[in-house]
Amino acid sequence: MKKMPEMLLGNRYRILEGIGEGGMARVYRGMDVKLNRPVAIKVLYEQFAGDPDFLRRFKQEAKAAAKLSHPSIVNVYDEGEEGNIHYIIMEYVDGYTLKEVVQRNGRLKPADAAQIILQICDALVHAHSQKIIHRDIKPQNIIITGDGRVKVTDFGIARATVDATITYGKSLLGSVHYSSPEQARGYCADQKSDIYSLGVVFYELLTGEVPFSGESPISIALKHLQEDIVPPGKLVEGLPAELENIVMKATHKEQNLRYSSAAQFRDELEEWLKNEKDLNYGNNSLVKRMRSYTLYKDRQGFDKDPFEEPKETMPDKKRYLRKKKYFSKKILIYTGLLVFLFTMLFAGYKFIHNFLHVPEVSTPDLQGKSLAEAEEELESLGLSYRIAREEYNETVPKDHIISQEPPAERSVKRGREIDLVLSLGPDLVEVPYLIGSTQLEARLMLSELGLNMKVDREYSDEIAPDYVIRQDPGKGFQLARGEGVHVVVSDGKRPFSLRDFRNWELEDVREWLNLYELVLRNIDEEYSDEIPEGRVISQFPASGEMVQAGDNVDLVISKGIDPDSYKTYTFEIDPLVSPGQVIKVYVEDVEGTKTVFEGTYLGELITAEGVGSGQVVLMELRNDEYQIIDVLIFP
Amino acid sequence: MLRFTVRSHPGCIRDKNEDCYFIPPEKGPFIFAVADGMGGHAAGEVASSLSIEALEKNIARFSDKLQSYSLNEMKNFLKESILKANKEIFDIQSQSSDLKGMGTTFTVAVFFHQELLIGHIGDSQAYLFNESGYVQITEDHSLVAELLKNGEIEPDEVYDHPQRHLLTRALGTSSSLNIDFYTEGIKPGDCILLCTDGLTNVLRPAEIRDIIFEYDYRESNNLEKVADRLLNKANELGGPDNITFELICYDKF
Ligand SMILES: Nc1ncnc2c1ncn2[C@@H]1O[C@H](COP(=O)(O)OP(=O)(O)O)[C@@H](O)[C@H]1O
Ligand SMILES: [Mg+2]
């Protein structure tokens with residue numbers, strides 16, 4: 001990241017270090033020296049700073065955003081310019097963007113995802129009440145702090161860019177993973193657009209994937225317009241139906257079939273969360289578990305706890321309580337009286353009987369029952385129990401009975417203690433972070449944990465071949481030994497067919513290979529009768545073979561014609577000049593020029609040898625000058 | 001025989017001309033190109049001129065071979081020239097913060113015996129005009145064109161769509177590039193127009209055709225008149241953007 005000069009912006013803001021780059025600005029951590037508090041400084045790229053129209057809108061939006069004040073919205077403090085530097089001063093949020101969290105972790109647990117979305121809903125409710133539309137809700141604009149709070153940045157700022165291009169000229173269609181259909185169609189965003197985008201973010205948190213992906217932004221934009229979203233429950237087994245409904249409603253293509261307001265979205269989430277909490281979470285602090293999300297970055301893993309869902313036996317208890325309520329009060333009173341009478345009658349008899357002999361009972365079959373059920377059953381028979389040991393078991397759920405001693409249907413004396421073996425549930429291990437490891441490393445890590453790996457491969461322009469691109473489930477999820485993690489491994493860049501280099505100059509091939517990111521490995525040289533020296537005779541892989549960036553290419557280059565293959569031609573020359581004349585005979589062939597005869601011709605036969613190809617030249621001295629009188633070309 | 005003429009003008013609103021063009025060197029081959037830069041500040045100008053320079057360099061480099069190329073080799077040559085330009089522009093913009101985000105449209109045409117070969121990225125355009133009418137050879141790589149093609153907007157929404165400046169593809173904006181190629185048979189009497197959207201945003205193809213035929217471009221000097229008329233007309237209509245176009249006539253042998 002480019003370093004900014006040491007200086008105070010607006011006489012009070014010091015730039016400390018770069019923390020991110022976005023679509024139109026670079027973000028720095030900084031210090032407000034006047035108030036002595038950390039701030040985030042967003043500095044517009046120079047290219048925008050030249051456009052007064054853009055700057056005006058940018059400032060206008062920054063001012064509007066500055067009016068928002070909400071715990072889930074990043075505060076905008078100030079805005080200004082210093083020479084050519086245009087900046088916004090914001091609250092500094094120490095944390096990770098939701099994008100980073102999902103990238104590192106994969107999908108989140110439904111309740112955690114819901115909690116995060118709930119807070120963003122809160123932020124939207126506030127902003128919408130001030131008539132400010134965000135327009136660019138996406139995980140990159142949502143920061144989660146170390147203490148689990150959610151902060152939304154960039155309110156309304158997207159508008160400045162959108163409007164600017166109208167007067168400012170072309171720009172490239174950017175990322176549209178979170179754009180609503182109406183925005184994809186190119187028209188204005190409103191509150192409902194924010195709701196749609198938030199629905200998409202929710203989808204991603206729940207499934208680890210955005211609903212629409214494709215080769216290019218335009219193909220994604222068209223999918224937002226034309227394709228139905230695959231319900232998140234189809235991707236994640238056991239996803240609560242209520243959450244799926246919420247996502248589907250928020251991401252409805254028809255604006256008026258979505259939630260009518262962020263508040264309505266919020267309310268449904270809250271409703272679900274309330275039930276969910278009662279059911280599963282008890283008062284386990286969300287903040288505590290959220291903190292762990294933001295710990296991933298350190299890569300040393302995180303506390304084991306935060307992800308483990310507290311397993312309580314709440315559901316059973318609730319059902320039990322509910323049943324009881326069916327008895328009306330009256331009935332309760334009558335039965336109470338009756339029971340009392342019987343007990344009194346019976347007690348006398350029982351007292352004496354017990355005194356005489358301890359009765360025997362038949363042991364119940366407790367296998368597979370929950371500890372609570374077993375306890376109840378044993379108690380009613382007058383038996384007690386002891387937990388002999390606890391062990392992992394794949395089939396018997398946690399806190400249920402695996403086996404008992406003595407077994408079922410044995411006669412035992414009342415008061416006898418039954419030994420129980422209690423299940424710890426399946427032997428859960430925590431899924432490790434595999435992204436960025438090689439396939440082999442990932443396999444090793446998983447096999448060490450007793451987990452299986454299912455591998456799919458896909459082409460990737462960013463990730464080197466054999467490295468893990470994605471995983472599901474993500475780090476931190478608990479799986480039983482023997483279960484599998486699905487990883488997608490890079491197959492390198494998309495292959496293409498290699499062209500024919502025959503007869504190319506080596507330099508041209510080099511340049512071409514460079515352009516297509518292929519590596520020139522071996523160059524062999526061979527003689528060739530057909531291909532001129534220095535050009536390509538053959539190649540490996542052959543032309544038409546599929547290759548990928550990074551592949552090797554071998555070439556065979558011509559050394560010209562093989563000297564050993566040259567034929568030697570012998571000529572017997574009768575110069576046909578009168579003896580006494582001075583003549584010269586020389587041969588030009590592939591080996592050079594050789595004079596065969598020079599001097600006075602006495603009538604003999606002259607023998608000449610030529611190699612490969614060339615000519616024999618016969619010259620006669622006339623007036624002190626050699627003149628060519630015959631040329632013989634061979635072969 | 002080919003006759004051609006070119007015009008490039010900043011228009012009436014902008015003070016800079018970020019368009020660039022290429023016309024064939026004297027000894028051939030018959031290669032033409034237009035490029036319309038994008039990116040704030042000076043970035044657009046840099047990108048469009050880099051793209052044209054890259055083409056020029058590659059032509060110079062292979063000049064002795066180009067004459068003997070087959071159509072397929074010519075296509076490969078174009079592809080490589082464009083990929084080189086893309087790489088060069090992308091490398092520069094990823095290293096320079098002033099030039100971040102720059103890119104350019106690029107439409108290049110080669111006249112090859114009786115064929116016209118076109119390589120194309122972005123929303124500059126190639127049209128073919130003749131007596132029987134006109135056809136836009138290239139497909140725009142723009143949001144609006146895609147929406148229209150997919151039935152999401154109506155044809156009459158195209159010209160004042162709020163996001164008609166959004167491109168879906170450009171040269172120099174990413175390391176990989178997908179180039180469209182077109183081959184058209186041409187016959188004597190055909191007139192090819194390569195232009196940036198500064199012309200076509202104000203003049204509809206039918207109006208352009210009328211101007212071309214008003215002056216009968218087949219008469220040798222009229223091609224210049226046609227070009228002047230087109231440029232003036234575009235500027236009379238406001239000239240909101242840079243205007244660059246090349247008119248190429250394919251005459252009888
Ligand atoms: N107020 C802030 N406090 C801390 N970090 C921030 C703040 N705002 C933005 N960032 C960081 O800077 C990065 C770039 O931000 P931004 O320019 O808004 O990007 P984009 O254009 O993708 O929205 C963010 O991904 C985030 O990591
Ligand atoms: Mg942002």
Side-chain angles (χ1 to χ4, degrees), chain A residues 1-2 4 21 23-24 26 43-51 54 84 162-174 176 181-188 215-226 461-462 493-494 499-500 503-505 507-508 511-512 514-517 549, chain B residues 13-14 18 36-44 58 61-62 65 72-73 76 79-80 83-84 86-87 96-105 122-123 141-147 149-153 157 161-170 173-176 178 196-197 240-242:
Chain A
M1 181 155 305
K2 204 166 127 186
M4 290 292 284
E21 274 184 49
M24 60 171 181
R26 193 171 289 119
V43 178
L44 267 193
Y45 291 129
E46 282 129 90
Q47 68 191 75
F48 291 109
D51 179 10
F54 176 82
N84 209 21
V162 169
D163 291 355
T165 55
I166 292 173
T167 54
Y168 206 65
K170 290 182 202 313
S171 61
L172 201 63
L173 180 64
V176 290
E182 58 274 16
Q183 286 168 295
R185 201 175 283 117
Y187 290 102
C188 285
E215 298 255 298
S216 61
I218 185 65
S219 64
I220 298 166
L222 289 170
K223 285 180 186 173
H224 278 287
L225 286 165
Q226 299 178 334
D461 281 344
E462 283 92 37
K493 294 196 180 179
R494 196 165 293 280
R499 69 164 301 161
D500 189 1
N503 228 337
W504 279 41
E505 302 271 0
E507 257 330 286
D508 295 342
E511 197 170 308
W512 195 94
N514 197 15
L515 194 62
Y516 288 89
E517 297 173 51
Chain B
I13 307 287
R14 311 204 175 185
E18 303 199 332
D36 179 354
M38 65 174 213
H41 236 17
N58 222 30
R61 188 187 159 103
F62 290 95
K65 292 176 199 155
N72 201 39
E73 283 172 319
N76 272 327
K79 186 172 174 191
E80 284 156 32
L83 285 175
K84 277 181 196 171
N86 186 61
K87 198 178 166 84
S96 152
S97 69
D98 320 10
L99 298 174
K100 207 174 157 65
M102 74 169 167
T104 184
T105 73
D123 69 348
H141 299 142
S142 68
L143 175 70
V144 168
E146 292 283 351
L147 291 174
K149 193 168 80 180
N150 285 278
E152 291 294 335
I153 56 172
E157 286 177 81
H161 191 277
Q163 305 224 353
R164 64 184 180 282
H165 302 266
L166 277 185
L167 296 187
T168 54
R169 270 193 242 171
T173 51
S174 95
S175 63
S176 59
N178 192 1
T196 60
D197 65 343
D241 198 356
N242 304 150

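Within every chain, numbering begins at 1; the chains are lettered A, B, ... in the order of the sequence lines, protein sequences first and strands thereafter.
- Annotation: the span from B:M38 atom CE to A:S171 atom OG amounts to 6.5 Å, rounded to 0.5 Å.
- Chosen from B:N242, B:T173, B:N76, B:V144, the residue pairing most often with chain A at heavy-atom distances under 4.5 Å is B:N76.
- Counting heavy-atom pairs closer than 4.5 Å to chain A, the top-ranked of the candidates B:N150, B:L99, B:T168 is B:N150.
- Taking 4.5 Å as the limit, some side-chain heavy atom of B:E80 sits within range of a side-chain heavy atom of A:R499.
- Residue contact with chain B, scored on non-hydrogen atoms closer than 4.5 Å, is absent for A:D500.
- Counting only heavy atoms from C-beta outward, the side chains of A:I218 and B:R169 never approach each other to under 4.5 Å.
- For B:T105, the part lying under 4.5 angstrom from a heavy atom of chain A is the side chain only.
- When heavy atoms are compared at a cutoff of 4.5 Å, A:L172 approaches chain B by way of both its backbone and its side chain.
- Of the atoms belonging to B:N178, not a single heavy atom falls under 4.5 Å from chain A.
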message: One pair to check against side-chain contact (heavy atoms from CB on, under 4.5 Å): B:S176 and A:D461. What are the steps and the verdict?
response: CA-CA 9 Å; B:S176 59; A:D461 281 344; 3.8 Å; yes
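- Atom OG of A:S216 sits about 10.5 Å away from atom NE2 of B:H141, to the nearest 0.5 Å.
- Atom-to-atom distance recorded for B:Q163:CD and A:Y187:OH is 9.5 Å, nearest 0.5 angstrom.
- Smallest separation of non-hydrogen atoms from B:P162 and A:G186: CG-O, 3.2 Å.
- When heavy atoms are compared at a cutoff of 4.5 Å, B:K87 approaches chain A solely by way of its side chain, counted from C-beta outward.
- Looking at B:I153, the atoms closer than 4.5 Å to chain A (heavy atoms on both sides) all sit in the side chain, from C-beta outward.
- Listed by chain and residue number, A:Y196, A:F212 satisfy the ring-ring contact (aromatic ring centres under 6.0 Å, His included) test with A:H224 (two or more places apart in sequence, or in another chain).
- Evaluated for a side-chain contact (heavy atoms from CB on, under 4.5 Å) with A:K170, the options B:T104, B:L166, B:D36 yield exactly one hit, B:D36.
- With respect to the salt-bridge test (charged N to carboxylate O, under 4.0 angstrom), the residues A:E505 and B:K65 do not qualify.
- Atom CZ of A:R185 is separated from atom CD of B:E157 by 9.0 Å, given to the nearest 0.5 angstrom.
- Both the backbone and the side chain of A:E507 come within contact range of chain B, with heavy atoms under 4.5 Å apart.
- Ranked by non-hydrogen atom pairs under 4.5 Å with chain A, the options B:D241, B:D123, B:L167 are led by B:L167.
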